[in-house]
A.B. asks: 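Sharing a structure below in structure tokens format, with a few things to ask.
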There are 2 protein chains.
Amino acid sequence: VVVLSDVTKTYEGGATVEALSGVSLSLPEGSYTAVMGPSGSGKSTLLNLVGGLDTPTAGTVRLDGRDLAALSEPQRARVRGRTVGFVFQTFNLMPRLTAAENVALPLVFQGVDRAARRERAESLLADVGLGDRTGHEPAELSGGQRQRVAIARALAADPALLLADEPTGNVDTDTGDRIMAEFADLHAAGNTVLLVTHERRIAERANRVVHLRDGELREIESV
Amino acid sequence: VVVLSDVTKTYEGGATVEALSGVSLSLPEGSYTAVMGPSGSGKSTLLNLVGGLDTPTAGTVRLDGRDLAALSEPQRARVRGRTVGFVFQTFNLMPRLTAAENVALPLVFQGVDRAARRERAESLLADVGLGDRTGHEPAELSGGQRQRVAIARALAADPALLLADEPTGNVDTDTGDRIMAEFADLHAAGNTVLLVTHERRIAERANRVVHLRDGELREIESV
Ligand SMILES: Nc1ncnc2c1ncn2[C@@H]1O[C@H](COP(=O)(O)OP(=O)(O)OP(=O)(O)O)[C@@H](O)[C@H]1O
Ligand SMILES: Nc1ncnc2c1ncn2[C@@H]1O[C@H](COP(=O)(O)OP(=O)(O)OP(=O)(O)O)[C@@H](O)[C@H]1O
Ligand SMILES: [Mg+2]
Ligand SMILES: [Mg+2]
């Protein structure tokens, strides 16, 4: 479903930073891939390019055969809304919306009616252990609770492609296992999962682990 | 250096949430304590109360013998600036300042001159592997790089009390070890460390582990 061909992402500033360098990778439909690597090695950059939130400096990213950089930003946003669920490393929740309203947001863009959105949001929040926090705003939640709201939001529209950046970084082991069970269900339904993690035990839930270092793809390991 | 006596923290909202309930704990000078517990169990709340960023609903928090809630907010801020280094779960960096400027901020409040601040900030950033990122703003850094800037900032004023909330949550194992080495140095110099973590291997660097669940202190374990 996703093919990266010789993708490079460079930032120009005081110095030139090559965040990704000549990365080629295929994510077949239904695959479950983890990405590991040192802090700063390009993992979040890779995820942003796969999800079309950013475009490469060189090379191409194709989602369902379409070159994402060739689309306009509104077109890319439409493709993302339909296809991609994104769990951000810094959560990116709307501060003035409740947990349930945050989770329901992807469904607003899909034209789902209010009652169905509400029910879906509450069901997902219950699945991640936040059934009694649906009315809280992000500032009234712990770090790991905000992370779980971000996860529920990413799952809300039953995405064909789930991109998760350090989804268990702020939670205890049991809560992490609960989150991974949600991802396993999505994957079992035939969807594609790409998750970034620095925890080996989380990476081993995938079928293969991509290792990045200094912006380069060093190894693809079967697990 | 810190004594919590029967501390309770309650939030009133739609429902009443008891984030901490009757917690009593002593942190002797030079002690190294870890706090573990499920997501939402009150760990960040505990850290905020110990550091005087928040005041309890009931009970007292004494820092060097002084009841923090009896001080005015400006007095509390002065005590914090002199004594406490804080690594926040969400980093809380100043977005319009560079990494070096963020790290130097605690020294500005202490009246340290510009050249000395600059040198200290660059030295600390090099210690956490960011020697080549000192001029980057937070938006130009990876998640784990921001976390390391937050750590360097907390260490800048050589605090007598270091409070660290999930300091390795966003970094790989090697980078995490480097961060823990910095904390070990601070502790070896006679300072007090309280760190929240959900990783057992990180908690075992401390001398004892406090276990929270549902806002209550359930156990203090020697490690
Ligand atoms: N402003 C608030 N209003 C209501 N409830 C709150 C508020 N802030 C925090 N809480 C609740 O207090 C409880 C404790 O929060 P705290 O942030 O201390 O947890 P934590 O142990 O740090 O969790 P995590 O591991 O997820 O970071 C949580 O259940 C949270 O929902
Ligand atoms: N706007 C920018 N300008 C300059 N450099 C940048 C910018 N954004 C990111 N970088 C750099 O690109 C590199 C890759 O960043 P990325 O966020 O992909 O790393 P990461 O592997 O996700 O790290 P972490 O594990 O710490 O989250 C980092 O070295 C970072 O400093
Ligand atoms: Mg990242
Ligand atoms: Mg917390």
Side-chain angles (χ1 to χ4, degrees), chain A residues 11-15 17 19 36-48 88-91 93 98 128-130 132-148 165-166 168-176 178-179 196-201 203 211-213 215, chain B residues 11-15 17 19 36-48 88-91 93 98 128-130 132-148 165-166 168-176 178-179 196-201 203 211-213 215:
Chain A
Y11 294 106
E12 302 294 342
V17 174
M36 298 191 81
S39 171
S41 56
K43 304 180 297 295
S44 296
T45 302
L46 177 67
L47 235 64
N48 290 340
F88 296 96
Q89 192 168 6
T90 49
F91 316 154
L93 300 178
T98 64
V128 294
L130 294 179
D132 60 351
R133 290 283 186 274
T134 57
H136 284 231
E137 291 181 0
E140 300 168 327
L141 294 172
S142 76
Q145 290 169 343
R146 290 175 203 162
Q147 187 156 40
R148 285 181 271 164
D165 201 343
E166 304 280 2
T168 62
N170 277 284
V171 300
D172 55 283
T173 306
D174 291 347
T175 306
R178 202 167 177 170
I179 289 166
V196 168
T197 181
H198 69 265
E199 290 188 66
R200 179 74 195 183
R201 71 180 197 94
H211 293 278
L212 293 187
R213 179 175 285 275
Chain B
Y11 294 106
E12 302 293 343
V17 175
M36 298 191 82
S39 172
S41 56
K43 307 180 295 295
S44 296
T45 302
L46 177 67
L47 236 64
N48 290 341
F88 296 95
Q89 193 169 5
T90 49
F91 318 153
L93 301 177
T98 65
V128 294
L130 293 178
D132 60 350
R133 289 284 186 274
T134 57
H136 284 232
E137 291 180 359
E140 299 167 328
L141 295 172
S142 76
Q145 290 169 342
R146 290 173 202 163
Q147 186 156 39
R148 283 181 273 163
D165 202 343
E166 305 278 2
T168 62
N170 277 285
V171 299
D172 54 283
T173 307
D174 291 345
T175 306
R178 201 165 178 173
I179 289 166
V196 169
T197 182
H198 70 265
E199 291 188 65
R200 179 74 196 184
R201 71 182 197 93
H211 292 277
L212 292 187
R213 180 175 285 273

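Per chain, numbering begins at 1; letters A, B, ... match sequence-line order. Keep in mind that what you see is a predicted model, and the values were worked out from it rather than measured.
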A.B. asks: Quickly, which of A:D174, A:L141, A:V171 forms a side-chain contact (heavy atoms from CB on, under 4.5 Å) with B:S39? Name it, please.
C.D. replies: A:V171
A.B. asks: Considering only heavy atoms, which portion of B:S41 lies under 4.5 Å from any heavy atom of chain A: side chain, backbone, both, or neither?
C.D. replies: neither
A.B. asks: Determine the option with the most heavy-atom pairs under 4.5 angstrom with chain B, choosing from A:E140, A:H198, A:R200.
C.D. replies: A:H198
A.B. asks: Answer yes if the side chains of B:N170 and A:E166 hold a donor-acceptor pair under 3.5 Å, and no otherwise.
C.D. replies: no
A.B. asks: Going from CG on B:D172 to CZ on A:R213, what distance comes out if it is rounded to the nearest 0.5 angstrom?
C.D. replies: 8.0 Å
A.B. asks: Side chain, backbone, both or neither: which part of B:E199 has a non-hydrogen atom closer than 4.5 Å to chain A?
C.D. replies: side chain
A.B. asks: Do you know which two heavy atoms are closest between A:V17 and B:R133, and how far apart they sit?
C.D. replies: CG1-NH2, 3.6 Å
A.B. asks: What part of A:T175 gets within 4.5 angstrom of chain B, counting heavy atoms only: side chain, backbone, both, or neither?
C.D. replies: side chain
A.B. asks: Take B:T90 and A:R146 through the side chain to side chain contact (heavy atoms under 4.5 Å, CB included) test and state the conclusion after the steps.
C.D. replies: CA-CA 11 Å; B:T90 49; A:R146 290 175 203 162; 3.8 Å; yes
A.B. asks: Check whether A:T197 gets within reach of chain B through its side chain, its backbone, both or neither, counting any heavy atom under 4.5 Å.
C.D. replies: neither
